[in-house]
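No experiment lies behind these values; they were computed from the predicted model shown. Naming convention: chains lettered A, B, ... in sequence-line order (proteins, then strands); numbering from 1 in each chain.
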Amino acid sequence: MNIFSAFRDRVIAAVEGLQLETRDGGPLETARVNVEPPRDPSHGDIATNAAMVIAKQVGENPRALAEKIVSILDQDADIVETSIAGPGFVNLRISNEFWLNQLKLMADESAQYGRSNVGGGKKVNVEFVSANPTGPMHVGHCRGAVIGDTLANLMKFAGFDVVKEYYINDAGVQIDVLARSVMLRYREALGEAIGDMPEGLYPGDYLVPLGEALAEQYGETLKEKSEEDALAIIKDAAIDAMMKLIREDLAALNVHHDVFFSERTVHEDNATKIKAALNDLTLKGHVYRGTLPPPKGQLPEDWEDREQVLFRSTEVGDDIDRPLVKSDGSYTYFAADVAYFVDKFERGFEEMIFVLGADHGGYVKRMEALARAVSDDSVELTVLLCQLVKLLRNGEPVKMSKRAGQFVTLRDVVDEVGRDPVRFMMVYRKSSEPLDFDFAKVTEQSKDNPVFYVQYASARCYSVFRQAQEQIPGISADLELLHMLDDESEIALVRKLAEFPRIVEAAAMAQEPHRIAFYLYELANSFHGHWNKGNDNEHLRFVKVNNPQLTSARLGLVQGVLNVLRSGLEILGVDAPEEMR
RNA sequence: GGUCCCGUAGCUCAGUUGGAUAGAGCAUCAGAUUCCUAAUCUGAGGGUCGCAGGUUCAAUUCCUGCCGGGAUCACCA
């Protein structure tokens, strides 16, 4: 339960109980009423702007209206103190009993606490990674993979019906290049000297094992076939092998897609699916034959003014109409995209989310245009552009040379620093913000490393349970004794925990998974802070050998902290360790 | 040149969809730590929220225009 929306209901009920008359006689507009934790804790536990929002509608002074609202809220047993501040804020202080009841839920509901139904079962497709199957994933795919996976987890947790999807770009020239590269590796495996990989082919060593496998399976027989037939066989094998590599890379990052959609399937059977999709678009009047205006600025040397089949995307918000058929009669990449989008639409998704790198910003408008045209504006299309990651080693940028086939793979990074630090750091930043990723910093075992700091909080919770067992054998958390928690520092920790459902809902609605990571950091901070108070004040320590009941109550608090940490970390796909090693 | 993203403390970044005195971490400075709950702790200083207008009770947040940084502008996929 999100207690802030619960109290929002109470505030609105209080306002409605006043039987106010609006100046224009219409209904009271309460949509802009906010109930939230105040920035400054001294203002209370909960603050609302209700009086300020309503005042104008009913022609009253905000503070005077606040007085009236407060007079009703004062009767609420869970509210122990009310005050009016500033231009008309109403501040509420909530009883300890209420907070401890919340704690009981957190400790009791375990993995359920914080789940929400704000998503209302809305069908959402999150497409992310979609790396070309021409080699292992490189580090540039990392952020999008983590953000997409985390966003999908988050939205599921908040009550959306989410499908994680990967679009396999297994059609087109880059796959032909792949097949030709593998062909060379195959001949190499049969003992031919191939020398350096010719310019334009994929030089990476990762194709060598595939060449060897093909040599073993087919012997010399592929060389005896026509080049066309041989390449067709190799192409299938290559795509399978590359996707296997990619799936392994994804698994290493704890990323798991529900659906892998192959671009080839829309080209199959003489491109039936593309034809059907384009036909659909044509019937809706979005397709025509015409010429494109030449690009502004400098004219490309090979520019030819030519009539072609175009998607009239400018009518649905795009900057320029988009070609659907190439001069050789084959379909453009975008035409396949149309078919793919239609497929998603027919699968009933109400919202399509695309997690893309910032370098794909130019696609956003045509995708939006496509969504409008295909669905008659009935589906929502959201593009999350993630800014690039700058890899650093000891503060120095890591050099990568794509030409020489030397790039840092995703696996390199995961193997070196571990998947938890990678995942956490990739979402510990707003996705629209560039990100520095320093190998040394993310593996550092200190308070300065947020991954460690949050995971250590989890380990510390487990450690408390272990210590309690050692000192008071047989002890466990007792949620019936939570009323024994009465220290302000303990209640403050509960208040922090109670923010979790609200953070989940807000992060899911805003599609900003980084908020979960930041919240977990704050929670860890509160927890460690409370722990540290036990240094000076022995009374505040969790385990009190001479007071098993109080210890049981405090174990309940630790359980609450641990449950929220676990839920949050699970959204991030990060482990909540029982100990740090 | 068009489009998109960004501009907040010395640095790296949050900022609860428009709220109160703009917050963390690092760095800096000043203290603490024979106590084992120290893979440290407490506190302090530090700001024209890029600039200028506009919208309103209220703008870091929304709109417009500039300035600065980045990405992208193919019949490629």
Hey, does A:Pro434 reach any base, or is it just sugar-phosphate, or nothing, if we go heavy atoms under 4.0 Å? sugar-phosphate
Using only heavy-atom distances, determine whether the side chains of A:Tyr363 and A:Asp337 contain a donor-acceptor pair under 3.5 Å. no
Of the options B:A39, B:G19, B:C4, whose atoms approach the side-chain atoms of A:Asn49 most closely? B:G19
Using the C1' atom on both, measure B:G15 against B:A22 and round to a whole Å. 8 Å
First encountered from the 5' end of RNA chain B, between A:Asp359 and A:Tyr331: A:Asp359
Reckon A:Ser327 touches a base, only the sugar-phosphate, or nothing at all at heavy-atom distances under 4.0 Å? base
Nucleotide opposite B:U33 in a Watson-Crick or G-U pair, distances under 3.5 Å: none
A:Asp176 with A:Lys235: basic N within carboxylate O range, under 4.0 Å: yes
What contact category does A:Gln445 fall into here, base, sugar-phosphate, or nothing, at under 4.0 angstrom with non-hydrogen atoms? base
Base, sugar-phosphate or nothing for A:Asp176? Non-hydrogen atoms, less than 4.0 Å. nothing
Name the nucleic acid region contacted by A:Ala358, choosing base, sugar-phosphate or nothing; use a 4.0 angstrom heavy-atom cut-off, strictly under. sugar-phosphate
Between A:Arg502 and A:Glu499, is there a salt bridge with N-O shorter than 4.0 Å? no
Give me the distance, rounded to whole Å, that separates B:G50 from B:C11 when you measure between the P atoms they each carry. 14 Å
Please give the nucleotide sitting opposite B:U56 as a Watson-Crick or G-U wobble pair, both distances under 3.5 Å, or none. none
B:G15 phosphate, OP1 or OP2: any side-chain N/O from A:Lys430 under 4.0 angstrom? yes
Could you tell me the Watson-Crick or G-U partner of B:U3, where both distances fall under 3.5 Å? Say none if there is no partner. B:A71
N/O donor-acceptor pair, side chain A:Arg515 with base B:U16, under 3.5 angstrom: no
Contact class for A:Tyr456 (heavy atom, under 4.0 Å): base, sugar-phosphate, or nothing? base
Sugar-phosphate only, base, or nothing, as touched by A:Glu499 at under 4.0 Å among non-hydrogen atoms: nothing
Base, sugar-phosphate alone, or nothing: which one does A:Arg429 contact when heavy atoms must sit under 4.0 Å apart? sugar-phosphate
Scan A:Glu433 against the nucleic acid and name what it touches under 4.0 Å (heavy atoms): base, sugar-phosphate only, or nothing. sugar-phosphate
Counting any heavy atom closer than 4.0 Å, what does A:His360 reach on the DNA or RNA strands: base, sugar-phosphate only, or nothing? nothing
Distance between P atoms of B:C36 and B:G25 (Å, rounded): 28 Å
Keeping the roles fixed (side chain from A:Ser130, backbone from A:Tyr167), state whether a donor-acceptor pair exists under 3.5 Å. yes
I'd like to know if A:Asn91 reaches the base of B:A20 with its side chain, counting only an N/O donor and acceptor under 3.5 Å. yes
A:Phe89 on top of B:A20's base, within under 5.5 Å and under 30°? yes
Could you check whether A:Asp448 gets within reach of a base, just the sugar-phosphate, or nothing at all, counting any heavy atom under 4.0 Å? sugar-phosphate
Any side-chain N or O of A:His528 less than 4.0 Å from the OP1 or OP2 oxygen of B:U42? no
Within 45° cone of A:Phe160 ring axis and under 6.0 Å: A:Lys122 NZ or CZ: no
Answer for the Watson-Crick or wobble partner of B:A22, both distances under 3.5 Å, is none
Using the P atom as the point on both nucleotides, what is the distance between B:U12 and B:U33, in whole Å? 36 Å
Could you please name the partner base of B:U17, counting Watson-Crick and G-U wobble pairs only when both distances are under 3.5 Å? none
By nearest atom, which of the nucleotides B:A20, B:C4, B:U37 is closest to the A:Asn535 side chain? B:U37
Do the side chain of A:Arg39 and the base of B:U16 come within less than 3.5 angstrom through a donor-acceptor pair of N or O atoms? yes
Name the closest nucleotide to the A:Ser432 side chain, picking from B:U37, B:A24, B:C5. B:C5
Tell me whether the side-chain N/O atoms of A:Lys326 come closer than 4.0 Å to OP1 or OP2 in B:A77. yes
Can you tell me how the ring of A:Phe439 sits relative to the ring of A:Phe437, calling it parallel under 30°, perpendicular over 60° and tilted otherwise? perpendicular
Quick one: look up who B:A39 pairs with, Watson-Crick or G-U, both distances under 3.5 Å, and put none if it's unpaired. none
Interatomic distance at P, B:A38 relative to B:U60, whole Å: 43 Å
Look at the side chain of A:Tyr363 against the base of B:A77 and say whether a donor-acceptor pair falls under 3.5 Å; ignore hydrogens and angles. yes
On RNA chain B, compare the nucleotides closest to A:Asn169 and A:Asp319; which residue's is nearer the 5' end? A:Asp319
What nucleic acid atoms does A:Ala336 come within less than 4.0 Å of, heavy atoms only: base, sugar-phosphate, or nothing? nothing
Name the pairing partner of B:U48, where a pair is Watson-Crick or G-U wobble with both distances under 3.5 Å, or state none. none
Does the side chain of A:Val338 reach to within under 4.5 Å of the side chain of A:Ile274, using non-hydrogen atoms? no
Any idea which of B:A24, B:A14, B:C57 is nearest the A:Arg32 side chain? B:C57
Say you draw a straight line from CD1 of A:Ile239 to OG1 of A:Thr134; how long is it, rounded to the nearest 0.5 Å? 10.5 Å
A:Val364 near the nucleic acid: base, sugar-phosphate alone, or nothing, with a heavy-atom cut-off under 4.0 Å? nothing
Look at the side chain of A:His43 and decide which nucleotide, out of B:A24, B:U16, B:A20, has an atom nearest to it. B:A20
